[in-house]
Each structure stands twice: as C-alpha cells, then as structure tokens.
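These notes concern the structure reproduced below.
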Amino acid sequence: GVPWNVLISGYVRHGCFCNALSTFKQMAVAGVEPDHYTYPSVLKACGEESNLDFGKEVHRRIFAKGLGWSLFVHNALVSMYVKCGAITEARELFERMPERDVVSWNAMILGYASRGLWEEAFYLFERMQMNGSEVNYVTWNTIAGGNLQMGNYAGALELISQMKVASASLDSATLTIGLAACSRIGFIKLGKEIHGTAIRCLYDQDERVRNALITMYARCKDLRLAYFLFQTAETQNLVTWNCMISGYTRLDQYGNASFLFKRMIFSGIEPN
RNA sequence: GUUUCUCCCAGUC
C-alpha cells in the first residue's frame, strides 16, 4: 500500500484534501489495506476539511481493524477532532492515551487556545510540563496564535517577547503571528524589530513572512516600505498582490490600487 | 519512497 500512502500524503502536503480523501476511498475499492502510515494523512485531511462525519467513519474503521497502538495515528485522531470542533471527543481520546508526546499535548492545547478557553489551555500547559513532556516552539506558537485569534494582540506580542527571553527558537510561524498582531494595533516599532529578526534568521523571503511584512507596513501607513518589500519579493502570489492592493485602498490611494490591479491581471494572476 | 501538533499571509464595510 506504499504507493497509495505516497499519493495521499502528497495530496495532503499540497492542500488537496478532497483528492486525498477520494484516493483513500479508491484504495478501499481496490482492496488495499490502509496501514498506520495511511491514517494520519487521511485524518489530517478530514480535520482540514472539518469533515467530522468522515473522520468518525475513519475512526470506526481503525477501531474495527484492531490496528495496534500507534502514537502517530492517535495524535492524528485527537487533532482531527480538535479541528472539527469536537473538543469533548478529542479530550476523551487524549485522556485515554497510554503514551503522549509533545505533539499530543500541542494538539489538545490548540483545541482550547483557539477558542479562548485559557483556563483549560494553561492547565494542560502546566500538566504537560509536570508529566515531563518537552515544550517546543509549536507549543508557544499555539498559545500566541490563540491570543491572535481571540483578538488579544497585546497578549500575543507579550508571549513572543517572553519566548525571546526564554530563548525559545522563533520560527516563521512565530514571526507571522507577531507581525499580524503588530498590524492590527499599528505597532510599527515592534514590527520593525520583528522585521530585523526575520532578516537575521533568513526568514524575510519566506512567502508568509514577506506577505505579513507587507501588510504590517501597509497597515502602519508606511506604504513606501510596503511597496519596496512587494517589489523585492521573490515570488508574488495572489495573497502578495492582495496585501499590497488592500494596503493602498485602506489609505484611499485608489489610483495606485487600480494600477496595481491592472499589473496583477497583466501578470496572469487570477483575482479572487 | 509515505505519517501526526503551530504555520493564517490579504479580504470579510
């Protein structure tokens, strides 16, 4: 079943979740048995699609198969339920796991942090440390991202500065979260600091970081710098164009906006 | 040769 697994995980990696699920169904028709490599990808696709019904169906099949214990599969199950908003089911599964790693804890914490249920999120955060689990940069990003989602921009930024103090590694996700928070509250001073960090860490050409930088400068009213970053971007995808155009419209620069829109069309990018 | 956690980056008056 390896070629099937390669195909399914490839679809998932490229965000083609529906194709991943239909391939999984074809696999059953072809009579090929899924294994513990197949399910994590399939469950991830269910979660990303918020397809709880099919996720539960996959869960039933795993259970019926009597598949042996697999941390990867169980982590993927917890994550699927979390992504589908089925927190209670996720938590029950999580509590019954005979073994957990940092991924299990992070997945469960996301469930609460993304909904602003901070008491429970921090309870798990403390418990994971008491249980001797490591805390990694994903853990921090999860909590910072939860603050961002809940509109607590200062809280997100506070957390990131704590990460620096704790010398936790900042990755591109940390930086995008920080930049998004700065954009929302117009905190250009800190935004520039993060920009500096991005350059030092060689993240400033990362697509997401670059787009977040353009947005940050545009929302902080520095359109010159935003445009410079736009022009010097290695790749200009749909979001890059949208970031820059909305930067202009936000500040009532409709001439520049429509000019850029024409350039976008001319370069063959389909507007959405 | 294949697997799970944060990657939300625009917009949503």
Side-chain angles (χ1 to χ4, degrees), chain A residues 1-13 15 20 23 34-48 70-83 90 94 97 100-111 113-114 124 128 133-149 156 159-160 163 168-181 183-184 203 206-216 218-219 226 229-230 233 235-250 260 264 269 271-272:
Chain A
V2 175
W4 292 90
N5 293 345
V6 174
L7 190 57
I8 292 172
S9 66
Y11 277 135
V12 170
R13 194 169 311 116
T23 304
D35 62 14
H36 62 285
Y37 279 97
T38 322
Y39 291 117
S41 295
V42 173
L43 290 165
K44 185 186 171 80
C46 294
E48 296 296 331
S70 162
L71 187 56
F72 274 47
V73 171
H74 276 254
N75 283 345
L77 276 167
V78 170
S79 179
M80 181 277 292
Y81 281 118
V82 163
K83 293 262 172 69
F94 175 84
M97 287 169 74
R100 303 181 193 96
D101 66 0
V102 63
V103 173
S104 332
W105 290 100
N106 288 346
M108 200 61 242
I109 288 173
L110 174 72
S114 61
L124 288 172
M128 82 187 279
S133 169
E134 60 160 327
V135 169
N136 63 13
Y137 64 93
V138 175
T139 319
W140 291 108
N141 288 346
T142 301
I143 297 174
N147 276 291
L148 186 68
Q149 271 184 35
L159 211 80
I160 290 170
M163 288 171 71
S169 61
L170 305 177
D171 75 333
S172 63
T174 321
L175 300 183
T176 35
I177 291 168
L179 288 167
S183 302
R184 297 291 168 171
Y203 282 134
D206 177 286
E207 270 189 32
R208 288 173 298 259
V209 171
R210 175 60 67 130
N211 291 336
L213 281 167
I214 293 169
T215 302
M216 188 276 293
R219 291 186 76 128
L229 289 169
F230 171 79
T235 52
Q236 285 155 351
N237 60 28
L238 175 66
V239 176
T240 318
W241 287 96
N242 286 346
C243 288
M244 198 61 235
I245 292 171
S246 70
Y248 282 129
T249 53
R250 177 174 285 274
L260 211 63
M264 174 181 169
I269 302 272
N272 66 357

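The sequence lines fix the lettering, A, B, ..., with proteins before strands; numbering per chain opens at 1.
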Nearest-neighbour nucleotide for the N75(A) side chain, rA10(B), rU4(B), rG11(B) considered: rU4(B)

Atom-to-atom span, CG of D101(A) to P of rU3(B) - whole angstrom: 16 Å

Phosphate-side-chain proximity, K83(A) and rU4(B), N/O vs OP1/OP2 below 4.0 Å: no

Distance in angstrom units between Y11(A) OH and rU3(B) P, rounded: 16 Å

Sugar-phosphate only, base, or nothing, as touched by R100(A) at under 4.0 Å among non-hydrogen atoms: nothing

Short side-chain N/O contact from R250(A) to OP1 or OP2 of rG11(B), under 4.0 Å: yes

Inter-nucleotide C1' distance (rU12(B), rC8(B)), Å rounded: 14 Å

Distance in angstrom units between D35(A) CG and rU4(B) P, rounded: 13 Å

Between N242(A) and N211(A), a side-chain donor and acceptor under 3.5 Å: no

Touch class at under 4.0 angstrom, heavy-atom based, for N272(A) against every strand present: base

Per-pair stack call F72(A) and rU4(B), 5.5 Å, 30°: yes

Nucleotide rC8(B), atom P - distance to CG of L179(A) in whole Å: 10 Å

Spacing between W4(A) atom CH2 and rU3(B) atom C1', to the nearest angstrom: 18 Å

Sugar-phosphate only, base, or nothing, as touched by L148(A) at under 4.0 Å among non-hydrogen atoms: sugar-phosphate

Separation of rA10(B) P from R184(A) CZ (nearest whole Å): 6 Å

Minimum-distance pair of heavy atoms, taken over all atoms of R208(A) and S172(A): NH2-OG, 4.2 Å

R13(A) vs rU3(B): side-chain N/O to OP1/OP2 distance below 4.0 Å: yes

Sugar-phosphate, base or nothing in reach of A76(A), heavy atoms under 4.0 Å: sugar-phosphate

Interatomic distance, R208(A) CZ vs rC7(B) P [rounded to whole Å]: 10 Å

N/O (side chain, T176(A)) to phosphate O (OP1/OP2, rC8(B)) under 4.0 Å: yes

